[in-house]
Amino acid sequence: MKRTILLIDLVIVIFASQAIWVTFSPVTSLVAGGLGVSKAKVGLLAITFPAFFLALTIPSGILLDRNFRFWLSIGTALTGLSGALRLVAPRSYMWLLICQLLGAVGQPFLLNAFAPFASRLYPEKREFAVSILSFAMYLGTIYALGSGYYLYIHHGILGLEVPIAIISVIGLILYSIALLGMELKGGEEVSWSVSKALKAIAKAKDLWLLGIVLGLGVALFDNMSIWLEAALSTVKLGSVAGPAVALALVIGLTGVLFIPIPITRRDKRTMYIRATSALGIAVYVALALWTTKIGVLSLIPLLGLFMLPAYPIIMEWITTFHPKEVHGSASGLIGLVSRIFTVTLAAVAVYFIVSATRYFIFLSVLSIVAFLVALLLPGDR
């Protein structure tokens with residue numbers, strides 16, 4: 001019963017973490033005016049999360065491996081406090097920045113906990129656990145981005161902060177209940193030294209390849225979130241960019257719930273990653289050749305349906321083919337490699353948005369690279 005409560009709590013906390021990250025992003029200019037600061041400063045609130053993730057992903061993974069219960073508690077506490085304490089001074093930019101930094105530090109300990117949590121508490125249902133946690137990760141982002149404008153227009157800045165604060169407090173309470181007298185298996189044992197763990201993941205070719213594939217996949221969606229409207233505006237279709245990406249995320253959530261379990265149980269992980277990369281090539285080539293409203297609104301959501309489940313499949317890969325002692329570290333390595341690709345390619349994409357055709361060709365090239373890297377993965381997994 002307590003592990004079920006803990007799973008539910010992590011779902012809540014991970015949802016809150018993602019919502020805290022992009023709370024103000026949908027209304028950056030409006031919040032800037034309300035707080036009396038520049039748009040860049042409001043943007044900084046969101047930038048803290050990827051910046052701290054890059055810096056802390058490897059250390060957080062190592063720490064989770066060495067004392068899972070303690071460092072998961074740290075991540076949960078920092079996230080809960082980040083969301084709740086914003087109500088102390090809800091209109092003070094400096095206070096909001098301090099609270100945002102708490103959440104930014106806590107996030108790596110949550111996202112890198114997927115694999116070690118599944119292997120410790122749900123060894124018989126690892127694919128189920130990582131799918132549920134991945135669902136919460138995507139849903140938190142969708143909630144904040146989808147509801148932010150409405151909440152701010154009708155309820156002001158408190159409309160953005162109060163729901164997340166309530167969710168954060170609930171997460172802290174449930175976590176305390178779940179951990180009362182509960183031992184997270186393997187969480188207190190330090191059987192591998194840091195150097196041994198780092199050597200193990202550094203030598204694991206599949207982890208590096210998965211990091212590249214994941215990085216390219218995340219880069220594709222990040223690129224579309226940032227640049228799709230600009231590229232489509234060159235053919236007077238800019239208005240469909242937001243709905244297309246939003247629909248892709250919503251439909252992708254369905255895929256996250258139902259696709260990973262049958263794929264992992266049948267040992268078709270590699271086949272799925274390769275097939276999804278090939279689908280990406282087909283979708284972007286088609287859009288480059290025929291950039292139409294129907295094409296954008298149908299093909300991009302179709303890709304989302306199959307691309308989003310790749311994340312829990314990769315997390316489950318870690319729990320199945322690597323020792324429990326390095327599950328956090330392995331997650332950290334994949335996170336580091338993937339974020340480097342994501343940030344780099346998001347910056348490079350600005351040179352391709354001068355036309356929709358050129359932009360989709362750029363995305364198709366990324367998909368081709370992802371497919372070629374996927375071919376190097378072990379074929380029997």
Side-chain angles (χ1 to χ4, degrees), residues 18 21-22 46-61 104 107-108 111-112 114-115 134 137-138 141 198 201-228 230-231 245 248-249 252 269-270 272-281 283-284 300 303-304 306-315 317-318 328-353 358-377:
Q18 297 299 103
W21 169 29
V22 290
I47 293 173
T48 57
F49 272 66
F52 273 77
F53 191 92
L54 273 175
L56 295 177
T57 181
I58 293 293
S60 65
Q107 188 194 51
L111 299 190
N112 286 334
F114 287 19
S134 300
M137 179 182 70
Y138 291 124
T141 306
L198 289 176
I201 63 173
K203 292 179 179 179
K205 178 183 176 182
D206 61 328
L207 294 179
W208 291 94
L209 295 174
L210 289 172
I212 295 172
V213 171
L214 180 61
L216 290 168
V218 173
L220 290 171
F221 265 90
D222 278 5
N223 257 285
M224 289 190 294
S225 299
I226 299 170
W227 300 118
L228 184 60
V245 175
L249 291 172
R269 303 170 188 84
T270 299
Y272 184 85
I273 293 171
R274 291 172 179 172
T276 301
S277 301
L279 177 63
I281 298 171
V283 164
Y284 292 126
I300 289 178
L303 187 58
F306 293 100
M307 187 171 287
L308 265 64
Y311 185 85
I313 288 173
I314 288 174
M315 291 299 103
W317 179 304
I318 294 172
S329 304
S331 301
L333 175 64
I334 288 178
L336 176 65
V337 175
S338 66
R339 290 311 192 281
I340 290 174
F341 272 85
T342 300
V343 172
T344 302
L345 294 174
V348 171
V350 70
Y351 298 103
F352 296 90
I353 61 174
R358 183 179 298 186
Y359 180 68
F360 286 123
I361 289 175
F362 169 67
L363 296 185
S364 68
V365 170
L366 296 183
S367 299
I368 291 172
V369 174
F371 178 74
L372 293 176
V373 173
L375 291 178
L376 300 176
L377 290 168

Pairwise distance CG(Leu249) to CE(Met224) - rounded to 0.5 angstrom: 8.5 Å
Separation between CZ of Phe341 and CG of Leu216, rounded to the nearest 0.5 Å: 5.5 Å
Side chains of Leu210 and Ile273 in contact at under 4.5 Å (non-hydrogen atoms): yes
Note, Leu220 side chain near Met307 side chain (heavy atom, < 4.5 Å): yes
By side-chain hydrogen bond (donor to acceptor under 3.5 Å, both in side chains) - contacts of Trp317 (at least two apart): Asp206
Distance, nearest 0.5 Å, that separates CG of Leu111 from CD1 of Ile334: 13.0 Å
Residues which pass ring pair (Phe, Tyr, Trp, His ring centres under 6.0 Å) with Tyr138, listed by chain and number, not counting sequence neighbours: none
With Gln107 via side-chain hydrogen bond (donor to acceptor under 3.5 Å, both in side chains) - residues at least two apart: Gln18
By side-chain hydrogen bond (donor to acceptor under 3.5 Å, both in side chains) - contacts of Ser60 (at least two apart): Asn112
Partner set under ring pair (Phe, Tyr, Trp, His ring centres under 6.0 Å) for Phe352, not counting sequence neighbours: Phe362
Mutual orientation of the aromatic rings belonging to Tyr284 and Phe360 [parallel < 30°, tilted 30-60°, perpendicular > 60°]: parallel
From CD1 (Ile361) to CG (Leu366), nearest 0.5 Å: 12.5 Å
Separation of Ser277 OG from Tyr272 OH (nearest 0.5 Å): 10.5 Å
Counterpart residues, side-chain hydrogen bond (donor to acceptor under 3.5 Å, both in side chains), relative to Ser338 (two or more places apart): none
Set of residues satisfying side-chain contact (heavy atoms from CB on, under 4.5 Å) with respect to Ala330, sequence neighbours excluded: Ile201, Leu207, Ile318
Listed partners of Ala104 passing side-chain contact (heavy atoms from CB on, under 4.5 Å), at least two apart: Thr48, Phe49, Phe52
Closest heavy-atom pair and its distance - Trp21, Ala46: NE1-O, 3.1 Å
Partner set under side-chain contact (heavy atoms from CB on, under 4.5 Å) for Arg274, not counting sequence neighbours: Thr270, Phe371, Ala374, Leu375
Flag side-chain contact, heavy atom, 4.5 Å: Arg269 against Leu377: no
Close side-chain approach of Val337 to Leu214, heavy-atom, < 4.5 Å: no
Interatomic spacing from CD1 in Ile281 to CG in Leu372 - rounded to 0.5 Å: 7.0 Å
Heavy-atom check, side chain of Phe114 versus side chain of Ser331, under 4.5 Å: no
